Chemist: 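Questions regarding the structure given below will be posed in turn.
Remember, predicted model here, so these are calculated numbers, not experimental data. Chain letters run A, B, ... following the sequence lines, proteins first, then strands; residues in each count from 1.
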Amino acid sequence: MQDEQPFRISVSQNTLDGLAQKLAIATLPAPAPATYTDALDSEDWTYGVPRPTLERLLIHWRTQFLPRWHEHQAVLNALPQFTRSIEVDGHGVFTAHYVHKQSTHNPKGAIPLLFLHGWPGHFNEVSKLLPFLTTPPANAGYPSFHVVAPSLPGFGFSSAPTKTGFAMAQYAEFAHKLMLSLGYTEYIVQGGDWGSFIAYRLAYLYGPKYVKAWHTNFPAGRRPTLTRNPLLYLQHAVTPYSAKEKKALRMMQWFRSEGQGYFAIQSTMPQTLSYALADSPVGLLAWIYEKLVKWTDGYEWGDDEVLTWISIYLFSVSGPETSVRIYYETVHQGNFDEFSKLWSPIPLGLSFFPHELVGGPRTWARTMGNVVFESEHNKGGHFAAYEQPQALVDDLRAMFGKGGKAFGVVKGKDGY
Amino acid sequence: MEQPFNISVSQNTLDSLAQKLAVATLPAPAPVTYTDSALDSEDWTYGVPRPTLERLLIHWRTSFLPRWQEHQAALNALPQFTRSIEVDGHGVFTAHYVHKQSTHNPKGAIPLLFLHGWPGHFNEVSKLLPFLTTPPANAGYPSFHVVAPSLPGFGFSSAPTKTGFAMAQYAEFAHKLMLSLGYNEYVVQGGDWGCFIAHRLAYLYGPKHVKAWHTNMPAGRQPTFTRHPLLYLQHAITPYSAKEKKAVQRMQQLRNEGRGYFAIQSTMPQTLSYALADSPVGLLAWIYEKLVKWTDAYEWGDDEVLTWISVYLFSTSGPETTLRIYYETVHQGNFDEFAKLWSPIPLGLSFFPCEFIDGPRTWARTMGNVVFESDHDKGGHFAAYEQPQALVDDLRQMFGKGGKAYGVVKGKDGY
């Protein structure tokens with residue numbers, strides 16, 4: 001069981017039939033009350049996902065997507081996937097599911113990169129980055145990477161925790177042990193959403209010995225304090241916010257006042273919510289789809305894209321509902337409170353995308369670690385790897401490539 | 001205009017429900033915790049425990065649903081009606097309501113409007129009714145005519161279809177209902193949303209029409225020096241009693257752990273609606289959690305719980321339209337203005353130990369012109385259902401002979 005097994009997603013006919021049956025008898029809610037926005041009613045997101053939108057998706061799901069599931073499954077299976085056993089102290093043995101793609105033309109020199117998803121994300125968010133990272137164009141001077149993208153425990157095709165208290169340290173331990181088991185003693189980390197918090201914890205727990213640098217597109221820093229970040233505090237005090245920073249602050253404010261309902265229930269009573277998410281595919285679709293739209297920067301989702309995304313949740317090994325517990329555990333272990341205290345000296349890179357939820361001023365983000373690289377973009381939101389893969393790849397190349405501030409952090413594996 | 005009403009769920013609807021229950025998918029059990037308290041099956045740390053809900057699901061399929069007609073008949077034992085009520089700017093609603101008069105005292109009984117909240121419903125009045133409308137003869141208790149509507153979007157009333165239907169609109173709806181029934185002057189009793197709506201009724205229509213009100217959810221705010229100088233001083237120097245400390249603790253716990261539903265329902269109710277509309281099991285869990293967490297160890301029978309959930313499931317506009325009261329009230333800023341809409345009409349407060357009272361007595365007294373207070377040793381949020389006798393005792397004391405609100409309604413003192 002220690003050894004790696006190749007893995008292919010293979011949803012049983014039973015499961016597909018069960019889903020078809022539920023979709024056939026799905027009951028949709030009443031439309032939301034009419035508002036007086038300029039937008040069309042069908043695109044009015046004031047109360048949440050508009051009914052006409054979801055009804056269209058439901059019809060597509062029943063008539064198009066589900067009958068052709070095997071095509072969509074094959075697309076997911078284009079990524080090389082594996083499972084192996086990973087033990088987490090005090091929590092037993094987990095089945096770790098992960099994508100693992102090496103740079104075939106540069107097996108010895110490519111930089112090992114751990115890619116971490118969040119919620120409602122998943123391993124497949126790495127898909128658009130993979131070719132660029134593992135197989136950059138020859139003679140362009142770009143570094144190569146070996147990429148590992150696991151499903152976090154409780155997500156996708158990894159097994160779920162069964163004991164209370166599985167929080168940031170445990171997710172970090174899981175990911176770290178996975179890298180070690182793959183022979184990557186030194187590696188770098190990229191993550192957004194929960195992936196960012198886990199990367200932060202990895203840097204603290206396992207850097208600089210194992211984790212050599214990290215990068216995030218979710219710069220969730222805190223306001224600098226005089227005692228902890230005196231220089232940043234002063235910088236923050238005297239630097240006016242740029243137009244982009246003001247926009248980011250507005251986004252943060254929106255998120256705080258209107259966008260955190262899911263966070264509140266998932267971090268307090270996840271099991272109560274779980275019955276609905278486990279039993280209703282339509283309910284799950286709406287719950288996740290709202291984030292796919294609200295957290296992205298005008299990304300034009302195709303119906304098949306959306307339904308493939310939801311399917312990873314729906315068909316996950318432990319059920320879609322186990323994914324929400326990460327909120328409960330992290331809050332109850334006090335991980336957010338200690339966030340700014342676990343500072344690591346390893347190089348950190350930040351990519352700022354305008355529609356991210358937690359942009360905030362640059363001085364806040366710089367409290368997250370030893371920032372050696374920053375980049376700012378004009379387009380993109382929370383799911384940067386999926387919405388703006390080229391931009392994210394450019395940033396990783398600039399940070400880790402020749403001349404970059406984190407060039408050569410992994411001994412003997414500089415990407416060339 | 002008024003039509004008698006009987007709940008009558010179609011066979012189609014029942015068959016669909018049976019089908020959904022038959023293919024219901026339950027979630028993984030919650031992670032194991034290490035509490036000293038009871039068995040895993042009673043561990044509510046993460047929410048409704050799976051063994052508990054699984055038992056309810058089996059009961060639903062094998063016992064409750066096949067015998068639905070009996071449960072429906074029990075609900076229909078209450079005399080129900082519908083009529084049209086128009087709310088300014090929001091069109092005409094079908095108002096569903098219980099209306100039971102005091103038959104032995106038709107002229108003198110006090111008209112009482114009973115208002116439910118979320119996840120409550122009209123049937124919460126059922127245990128109070130006999131005591132209020134037909135007290136024992138010669139015991140000196142007042143009689144009441146009782147009106148208990150389904151709020152718009154709940155039960156068998158129709159739902160708002162335009163944004164902005166908030167406290168003033170719910171109050172207008174209820175007030176017009178009372179007027180249409182010929183009750184020009186009346187008193188109000190409410191908990192949960194019923195409390196906030198009653199507060200608004202007192203402000204908008206008291207003392208001309210609304211003569212007094214009572215609540216079992218004394219949701220006052222910390223007195224401020226400028227607005228309530230005497231209460232502010234009283235609060236500053238009075239130590240919290242043991243009961244008050246317990247209430248504050250309980251409130252803090254609910255605030256930390258029990259507000260998730262409020263957060264999602266007041267921001268993105270439509271996103272949640274798909275799950276609640278489509279999954280009876282999901283709806284059961286969502287509501288059942290409150291029935292257990294908000295009551296004082298009330299021993300719910302399975303049929304009781306499922307009847308309660310059925311009022312939501314079979315409601316006219318769907319269970320999910322009930323959530324919007326949170327969205328609308330927050331977005332209209334009603335909570336912010338709560339303390340400013342003070343009414344001079346008499347107010348009675350009943351304190352139950354497991355209610356999520358907003359703090360000490362001095363806070364609650366900011367809600368209005370408090371003329372009556374009572375303290376109980378048992379009972380929670382659903383007081384009318386958990387402790388009907390206690391609530392009835394309080395209303396009798398407040399409105400009966402010798403009570404501080406005796407005779408508030410001209411010519412209808414209850415005797």
Chemist: Start with the C-alpha gap between Thr271(B) and Glu290(A), add the side-chain angles, then the distance that decides, and say whether side-chain hydrogen bond (donor to acceptor under 3.5 Å, both in side chains) holds.
Modeler: CA-CA 7 Å; Thr271(B) 294; Glu290(A) 187 211 274; 2.4 Å; yes
Chemist: In terms of heavy-atom pairs under 4.5 Å with chain B, which of Gln21(A), Glu329(A), Gln260(A) leads?
Modeler: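 Highest number of heavy-atom pairs under 4.5 Å: Glu329(A).
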Chemist: Quick check on Ser274(A) against chain B: is it the side chain, the backbone, both or neither that has a heavy atom closer than 4.5 Å?
Modeler: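 Its backbone and side chain both get close to chain B.
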Chemist: Give the member of Leu28(A), Leu54(A), Leu273(A) that has the highest number of heavy-atom pairs under 4.5 Å with chain B.
Modeler: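 Heavy-atom pairs under 4.5 Å are most numerous for Leu54(A).
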Chemist: Select one option (side chain, backbone, both, neither) describing which atoms of Leu285(A) are under 4.5 Å from chain B's heavy atoms.
Modeler: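 Neither part; nothing is under 4.5 Å.
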Chemist: Under 6.0 Å between ring centres: does that hold for Trp308(B) and Tyr298(B)?
Modeler: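 No, they do not, as the ring centres are separated by 6.0 Å or more.
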Chemist: Among the options Ala278(A), Gly18(A), Pro281(A), pick out the one with the most heavy-atom pairs lying under 4.5 Å from chain B.
Modeler: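 So the answer, after comparing Ala278(A), Gly18(A), Pro281(A), is Ala278(A).
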Chemist: For chain A, find which of Leu276(B), Thr25(B), Thr321(B), Leu283(B) contributes the most heavy-atom pairs closer than 4.5 angstrom.
Modeler: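 Ranked by heavy-atom pairs under 4.5 Å with chain A, first place is Thr25(B).
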Chemist: Could you please spell out the steps behind the side-chain hydrogen bond (donor to acceptor under 3.5 Å, both in side chains) verdict for Thr13(B) and Ser10(B)?
Modeler: CA-CA 5 Å; Thr13(B) 302; Ser10(B) 73; 2.8 Å; yes
Chemist: Heavy-atom pairs under 4.5 Å with chain A: which of Ala30(B), Ser317(B), Pro319(B), Ser16(B) has the most?
Modeler: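 Heavy-atom pair counts peak at Ala30(B).
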Chemist: By a 4.5 Å heavy-atom criterion (distance strictly below it), what part of Lys291(A) contacts chain B: side chain, backbone, both, or neither?
Modeler: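 Nothing of Lys291(A), per the 4.5 Å heavy-atom cut-off to chain B.
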Chemist: Treating His332(A) as the side-chain partner and Tyr328(A) as the backbone partner, does any N or O pair qualify as donor plus acceptor under 3.5 Å?
Modeler: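 Here the side-chain-to-backbone pair exists.
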Chemist: Heavy-atom cut-off 4.5 Å, strictly under: side chain, backbone, both or neither for Pro320(A) against chain B?
Modeler: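 Neither part.
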Chemist: If you count heavy-atom pairs under 4.5 Å between each of Leu26(B), Val330(B), Thr161(B) and chain A, which one has the most?
Modeler: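 Looking at each option in turn, the highest pair count goes to Thr161(B).
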Chemist: Only pairs of heavy atoms separated by less than 4.5 Å count here; which of Gly165(A), Ala32(A), Ala160(A), Gly319(A) has the most with chain B?
Modeler: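 Winner by heavy-atom pair count: Ala32(A).
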Chemist: Between Gly283(A), Pro33(A), Gly48(A), which residue shows the highest count of heavy-atom pairs closer than 4.5 Å to chain B?
Modeler: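 The candidate making the most pairs under 4.5 Å is Pro33(A).
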Chemist: Any sub-3.5 Å donor-acceptor pair from Trp300(B)'s side-chain atoms to Leu291(B)'s backbone N or O?
Modeler: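 Indeed, once roles are kept as given, a pair shorter than 3.5 Å links the two residues.
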Chemist: Start with the C-alpha gap between Gln266(A) and Trp287(A), add the side-chain angles, then the distance that decides, and say whether side-chain hydrogen bond (donor to acceptor under 3.5 Å, both in side chains) holds.
Modeler: CA-CA 12 Å; Gln266(A) 293 179 188; Trp287(A) 195 252; 2.8 Å; yes
Chemist: Among Gly258(B), Ala263(B), Gly318(B), which residue forms the greatest number of heavy-atom pairs with chain A at distances under 4.5 Å?
Modeler: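 Most pairs with chain A among the choices: Ala263(B).
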Chemist: Heavy atoms only, distances under 4.5 angstrom: which of Pro161(A), Pro29(A), Ser280(A), Gly261(A) has the most pairs with chain B? Name it, please.
Modeler: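 When all of Pro161(A), Pro29(A), Ser280(A), Gly261(A) are compared, Pro29(A) has the most.
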Chemist: One pair to check against ring-ring contact (aromatic ring centres under 6.0 Å, His included): Phe94(A) and Phe166(A). What are the steps and the verdict?
Modeler: CA-CA 12 Å; Phe94(A) 289 79; Phe166(A) 196 100; 5.1 Å; yes
Chemist: I'd like to know which of Lys20(B), Lys162(B), Gln270(B) tops the heavy-atom pair count under 4.5 Å against chain A.
Modeler: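 The option with the most such pairs is Gln270(B).
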Chemist: May I ask you to check whether Trp193(B) and Tyr170(B) place their ring centers less than 6.0 Å from one another?
Modeler: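 Here the rings of Tyr170(B) and Trp193(B) have centres that are no less than 6.0 Å from each other.
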Chemist: Without swapping roles, check the side chain of Thr63(A) against the backbone of Ile59(A) for a donor-acceptor pair under 3.5 Å.
Modeler: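 Yes; judged by distance alone, with no hydrogens or angles, the pair exists.
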Chemist: Looking only at atom types and distance, does a side-chain atom of Ser158(A) sit under 3.5 Å from a main-chain N or O of Gly154(A), one as donor and one as acceptor?
Modeler: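 Side chain of Ser158(A) to backbone of Gly154(A): no pair is present.
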